[in-house]
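Input: a single structure, listed below in structure tokens.
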Amino acid sequence: MYELARKALRLAEKAGAQEAEIYYAANHSTGVNFKKDALENAKDRFSEGIGIRAIVNGAVGFASTNSARDLENAVQIAVAEARVRENDPDWVGLPSNGKYPAVSGIFDKKVEALELEECIGYAMDLVEGTKETPGTLPTSGGFTRGKSKQLILNTNGIEIEEESTAVSGFVDVITVNGYTSTAYDFAVSRSLDIDFHAIGKSASELALKSNGGIKIEPQKTDVIFHPFAFSDILEDAFAPSLDADNVQKGRSGLKDKLGEELAVSELCIYDDGLVEAGIDSSASDDEGVPSQSTTVIDKGVLETYLYDSYTAGKAGVKSTGNGSRSSYTSPPAVGLRNFIIDHPMMDVIADTDSGVFVNTIIGAHTANSISGDFSVEARNAFTIKDGALDKPVKSLMISGNAFELLKHITGAGFDVRKVGGIITPSIRVSDMSVIG
């Protein structure tokens, strides 16, 4: 791996690149899926490749390949692309070598050593969990194990290699007791600390509780968003406006808002690439900038946007370590790390006299990420009466604005969940518009 990456770096310099970066990634995943309560398939997948960024006179070219035999050609394409592009006056250079922090809990040898039969066993644990609650049937679900390795080299001295593991499980459930209700649950972790049987049981119990839903009148009320629901709103309606690239291109509702009070004073939000066992934790971001913990909102005040090296150079600030890639086939762009919602916690349902509790939502992807406006359908929602969940709600639409929502947070639960890279408890928001 090192030899191939170093060869690519030498080839890029020889071809005329004034700066060059090599990003190598290898992934091995095992996925086991089931339909109803029977195994559907089990697959091992391998991917490996190199992405090359070449810079000539301030212009950036990119190419990638998954073939060692095609390496020289890919390098030539990246350099040639840089040569035909116009000089970018905002380009200040690739990141330089830095001091990398120690990050713990992102690699588990037990996950790496899992055999296929063991993976099938964890998938079947999900199914068995659903059977503890009569009157439900799993419709689909699965278990996934992943191991990845990445190496970043550049002509400014960066050289960092890292390995990581992850496991996840999910299950969809439907009731078969004369009513039709559905529910799902999932979990993701860096190690084998997930109770997959409990996930199946939880989904089945939620589906049964959702039977016999009532209609409610349109109103403005307190809404408690489960971590699943709140993370979707954050990811689609709020987080894009923190992306410095969107800010610089005028596609952010937070442009020129630094230093302003955006949320209740009890709320802090952190973007942290150093969280122990975090799904988006690593020693560096995907262009070799050392990971860090970044305070995005402090006591309600917007402190910073999120930057990769390019947007940081353009703004004349330091990168926040948010260079992110979906794979070796794409150059880096700004992305979230572990996005942490911090608010004083309580038994938030018990503290609520009346309102609505929402487990999941659909339609968050239709949100306007510039204005923050969203309209979503709530699933597995319940009315709250006298500090307890009361009746299931048959159908519910919730509309609002992500920026205004942060100003109306009145409580947070103890139920912190890792929903991918977003880490949040349930959040109570006042004065939300709901339509039954």
Hey, does the Lys NZ or Arg CZ of Arg325 hover above the aromatic six-ring of Tyr23, less than 6.0 Å from the centre and inside 45° of the axis? yes

Nearest heavy atoms of [X] and [Y], plus distance in Å:
X      : Y      : answer
Thr139 : Val173 : OG1-N, 4.1 Å
Ala229 : Ile361 : O-CD1, 3.5 Å
Glu81  : Gly61  : OE2-CA, 3.5 Å
Asp431 : Lys220 : OD1-CD, 3.4 Å
Ile398 : Ala378 : CD1-CB, 4.1 Å
Phe414 : Asp347 : CE1-N, 3.2 Å

Aromatic ring proximity, centroids under 6.0 angstrom, Tyr184 and Phe228: yes

When you look at Ser327 and Thr329, which way does the side chain to side chain donor-acceptor pair (under 3.5 Å) test go after all the steps? CA-CA 5 Å; Ser327 80; Thr329 61; 2.5 Å; yes

Ignoring hydrogens and angles, tell me if any N or O in the side chain of [X] forms a donor-acceptor pair with the backbone of [Y] under 3.5 Å.
X      : Y      : result
Asn380 : Thr182 : yes
Thr352 : Ser354 : no
Thr165 : Val111 : no
Ser140 : Asp172 : no
Arg45  : Thr30  : no
Ser252 : Ser241 : yes
Asp108 : Arg190 : no
Asn154 : Glu21  : no
Ser291 : Leu274 : no
Lys418 : Ala277 : yes

Should [X] and [Y] count as an ion pair when the cut-off is N to O under 4.0 Å?
X      : Y      : result
Lys110 : Glu112 : no
Lys201 : Asp185 : no
Lys407 : Glu404 : yes
Arg428 : Asp351 : yes
Glu48  : Lys149 : no
Lys109 : Glu163 : no

Can you tell me if [X] has over 12 outside heavy atoms packed within less than 6.0 Å of its [atom1]?
X      : atom1 : result
Glu118 : CD    : yes
Lys257 : NZ    : no
Glu115 : CD    : no

Let me see the working for Arg53 and Glu19 under salt bridge (charged side-chain N to carboxylate O under 4.0 Å, His left out), right down to the final yes or no. CA-CA 8 Å; Arg53 272 200 293 178; Glu19 291 183 281; over 6 Å; no

Examine the side chains of [X] and [Y] and answer whether a donor and an acceptor come within less than 3.5 Å of each other.
X      : Y      : value
Asn97  : Glu159 : no
Tyr24  : Glu161 : no
Asp373 : Asn401 : yes
Ser282 : Arg337 : yes
Asn246 : Tyr305 : no
Ser148 : Ser164 : yes

To the nearest 0.5 Å, what is the distance between [atom1] ([X]) and [atom2] ([Y])?
X      : Y      : atom1 : atom2 : value
Thr304 : Leu258 : OG1   : CG    : 6.5 Å
Leu389 : Asn359 : CG    : CG    : 8.5 Å
Asp243 : Lys249 : CG    : NZ    : 8.5 Å
Ser231 : Ile341 : OG    : CD1   : 9.5 Å
Leu267 : Glu261 : CG    : CD    : 11.0 Å
Ile409 : Glu266 : CD1   : CD    : 9.5 Å

Let's go through Leu153 and Arg6 carefully: what are the C-alpha distance in whole Å and the side-chain angles of both, what is the deciding distance for side chain to side chain contact (heavy atoms under 4.5 Å, CB included) to 0.1 Å, and is it a yes or a no? CA-CA 8 Å; Leu153 298 176; Arg6 286 198 179 94; 3.8 Å; yes

Contact between [X] and [Y] at the side-chain level, heavy atoms closer than 4.5 Å - yes or no?
X      : Y      : value
Asp286 : Gln150 : yes
Ile423 : Val416 : yes
Val289 : Ser284 : no
Ile216 : Leu396 : yes

Is there a side chain to side chain contact (heavy atoms under 4.5 Å, CB included) between Thr311 and Gln248? Walk through the geometry before answering. CA-CA 8 Å; Thr311 54; Gln248 291 165 1; 3.6 Å; yes

Could you work out, with side-chain contact (heavy atoms from CB on, under 4.5 Å) as the rule, every residue matching Pro227, not counting sequence neighbours? Asp415, Arg417, Val419, Thr424, Ser426

After noting the C-alpha distance and the side-chain angles of Asn322 and Asp271, does the key distance pass the side chain to side chain donor-acceptor pair (under 3.5 Å) rule? CA-CA 9 Å; Asn322 287 88; Asp271 183 90; 2.9 Å; yes

Who pairs with Phe143 by ring-ring contact (aromatic ring centres under 6.0 Å, His included), at least two apart in sequence or on another chain? Tyr122, Phe196

Stepwise side chain to side chain contact (heavy atoms under 4.5 Å, CB included) test for Ile233 and Phe374: CA-CA 8 Å; Ile233 292 172; Phe374 64 88; 4.1 Å; yes

If the plane angle is over 60° it's perpendicular, under 30° parallel, otherwise tilted; pick one for Phe46 and His28.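 If you compare the ring of Phe46 with that of His28, the planes turn out parallel.
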
Please lay out, stage by stage, how Leu126 and Phe34 fare under the test side chain to side chain contact (heavy atoms under 4.5 Å, CB included). CA-CA 10 Å; Leu126 291 161; Phe34 56 84; 4.0 Å; yes

If you look only at distance, which donor and acceptor atoms sit under 3.5 Å apart when one is on a side chain in residues 292-303 and the other is two or more places apart or in another chain?
unit_1 : atom_1 : unit_2 : atom_2 : d
Gln292 : NE2    : Thr294 : OG1    : 2.8
Ser293 : OG     : Asp272 : OD2    : 3.4

